[in-house]
Each structure stands twice: as structure tokens, then as C-alpha cells.
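What you see below is based on every heavy atom in this structure, not just the backbone, and it leaves out hydrogens, waters and symmetry mates. Quantities reported herein were computed from a predicted structural model and do not represent experimental measurements.
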Amino acid sequence: DNNPKLEISEAEYFELIEAKGFLSAALSIEEKYELVLGNFMDLEKELLSITMERVIDNSFDYNRAYTLNSTVNLRLVNFILAGKSYTELIHSMASKCVKNTAEVKETISTLKSKHYDESLDYHLMEKLRNHVSHSGLAVHGVTGPDTWIRNEEGKAVSRVYNTDFYALRARFAENDRFEKKLLEKLPEKIDLKKAARSYMGAISNIQDSARKLIAESITSA
């Protein structure tokens, strides 16, 4: 028929149920990561677009500055929220893909803690989720640190355009709930473009580790 029947044992039935659960959890991991990566790419594309506009039209006024800040804030906040959602759930999702649940959960939790303790950028981006959700914006300014490329004689031969965005420690300090120990470690002017790229790199490292930990189980499923 269109719906052929295959008789299976009770043991095979439960193996199939388990395999389906493993694969569904693995798909969730990939979807979560793609959401983070997509938002990061949107942020980078926005910076490229802003840079291209400045190459063509370098005029500047208050309205344009406000629009730039708002646009970059939107992209960064979306990325932060997606990233924090990923890091909060990845150890739990990965543990649902294997039989050695506790071991995998502990391994990924330890890796996250390592990034948190050793990377100021990762630490900052994790804490920014609460700040942007309950207090204020993350981006306090957008700049274009453009430079000339010069030859050996010092003559300018080409122009390089850049778009950076930053936060001010003093603005974060206005939030009474912002972690004081983190504030003490931050510079007065914080390079958020570098922080965002570092955070994406850390998340990709966690994702790669999670894939390796569940690879055998997923292949079997």
C-alpha cells in the first residue's frame, strides 16, 4: 500500500523514539546557532552599508548621527539577545542528544565558564543582555576612523573607510545593577565591534565543541 507496515520489537520501538529525540535536540542546537550567526551577519552587513554610504556621501548632521546610532543599536541588541539565549541553553540542548547527559552538560558548562572568566569581551556581552533589557542602550556612539594609506615617501595613495561603534563606561555606571567588578575592568571607551566579533568567535567555539561531543550519538541516531 501507500502505508506499508513493518513489524518491530518493543526494544526497537524505544530505540527509534530515543533516536528521534536526539535528532530533534540536535536540530534545535543548529537552529539556535543559525539565529545567532544570522544576527551577527546582519550587524556586519549594516556596518558595511553604513561605510559604503559614507564613501559616497560624507556629510554629517544630528539626524544622521541619531539614525546611525539607532540602527547599529538595533542590530547589536538583536545579536546580544540571540547570543545570550544560545549560551543559556546550549548545555541543556546538547545533553538531550546523548545518553551520558550529565557528562556532556558539565563539559559544555565548563567551557562556557572558561570563556566567561578569560574573555572580557565575552563577559561584557553576556552582561549587556540584562542592561539592554532593563536599563539602557548598548551603543553610545558610531565613528568612522578613516585613514590614508601612504607609500614609502609618505604620499597618500588610497583612502580606507571604517565604521566602528562604542560604549562609554560612564553610561553603564549609571545603571545601579550593572556588575561593579566588570565596570572596573572596562576602559572608558569600549570597542563594541571587537567585543561582538569576539563573542561570536566564542559562541562558534562552543558550537564546534558541542557538535563533537554529540557527533557519535547523532550519527547513530
To the nearest 0.5 angstrom, please state how far the [atom1] atom of [X] sits from the [atom2] atom of [Y].
| X | Y | atom1 | atom2 | answer |
| --- | --- | --- | --- | --- |
| Thr163 | Arg54 | OG1 | CZ | 4.5 Å |
| Ile29 | Ile218 | CD1 | CD1 | 7.0 Å |
| Tyr86 | Glu31 | OH | CD | 13.0 Å |
| Lys189 | His140 | NZ | NE2 | 12.5 Å |
| Phe178 | Leu183 | CZ | CG | 5.0 Å |
| Leu35 | Lys32 | CG | NZ | 6.5 Å |

Is the side chain of [X] donor-acceptor paired with the backbone N or O of [Y] at a distance under 3.5 Å, no angle test?
| X | Y | result |
| --- | --- | --- |
| Asn73 | Ala138 | yes |
| Ser220 | Glu216 | no |
| Ser198 | Lys194 | no |

Side-chain heavy-atom pair Phe172, Leu124 within 4.5 angstrom cut-off: yes

Selection residues 59-84 - residue pairs positive for salt bridge (Lys or Arg N to Asp or Glu O under 4.0 Å), sequence neighbours left out: Glu46-Arg75, Asp57-Arg64, Lys84-Glu126

OH/Tyr161: more than 12 non-hydrogen atoms of other groups inside 6.0 Å: yes

For the student: nearest non-hydrogen atoms of Arg150 and Gly154, plus distance: NH1-O, 3.1 Å

Contact summary for Val36 and Ala82, nearest pair of heavy atoms: CG2-O, 3.3 Å

